[in-house]
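All remarks here apply to the structure that follows.
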Amino acid sequence: MAIKSVSIRIEEEMLEKIGYIADYEGRSVNSHVLVLIRENIKAFETENGEINGNIKPEVNVKLSRK
């Protein structure tokens with residue numbers, strides 16, 4: 001599995017809030033964003049059918065430390 005890097009533009013307040021949530025869940029912002037993306041893919045596939053590909057949304061998701 002190749003890991004790619006993506007850069008996004010985000011308002012400072014939004015970044016601070018996602019950072020707060022990530023910290024609360026015991027994750028880095030990067031890991032938390034990956035969790036959100038995987039949850040979105042899983043929800044989409046549940047409603048619309050599987051998207052062709054080998055990686056399942058639940059793969060490599062770090063569990064929260066709560």
Side-chain angles (χ1 to χ4, degrees):
M1 167 177 56
I3 302 294
K4 301 291 183 176
S5 179
V6 174
S7 177
I8 64 168
R9 292 178 186 87
I10 186 171
E11 294 176 4
E12 185 175 355
E13 182 180 357
M14 192 181 300
L15 180 59
E16 288 173 3
K17 287 182 178 186
I18 199 72
Y20 180 91
I21 296 166
D23 187 56
Y24 182 85
E25 296 289 331
R27 299 184 183 105
S28 67
V29 170
N30 186 79
S31 292
H32 191 66
V33 170
L34 288 174
V35 168
L36 296 173
I37 291 169
R38 287 183 183 103
E39 288 174 351
N40 183 254
I41 291 169
K42 186 175 182 177
F44 181 91
E45 289 186 329
T46 297
E47 187 173 324
N48 299 287
E50 187 174 340
I51 300 169
N52 292 334
N54 296 327
I55 299 174
K56 300 296 180 194
E58 63 275 5
V59 173
N60 199 27
V61 174
K62 291 184 180 180
L63 301 175
S64 67
R65 295 184 206 152
K66 284 199 304 186

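To the nearest 0.5 Å, atoms CD (Glu16) and CD1 (Ile21) are separated by 12.5 Å. Interatomic distance, CD1 of Ile41 versus CD of Glu45, reported as 7.0 Å (0.5 Å rounding). Put simply, CD on Glu39 and CG on Leu34 are 11.5 Å apart, with the number rounded to the nearest 0.5 Å.
Not counting sequence neighbours, Asn52 has no partner by the side chain to side chain contact (heavy atoms under 4.5 Å, CB included) test. Partners of Phe44 by side chain to side chain contact (heavy atoms under 4.5 Å, CB included), not counting sequence neighbours, listed by chain and number: Asn48, Ile51. Residues forming a side chain to side chain contact (heavy atoms under 4.5 Å, CB included) with Val29 (at least two apart in sequence, or on another chain): Leu15, Ile18, Ala22, Val33. Scanning for side chain to side chain donor-acceptor pair (under 3.5 Å) contacts around Glu13 gives Lys17, with sequence neighbours left out.
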Taking distance alone, no hydrogens or angles, what donor-acceptor pairs closer than 3.5 Å link side-chain atoms of residues 4-11 to residues at least two apart or in another chain?
none

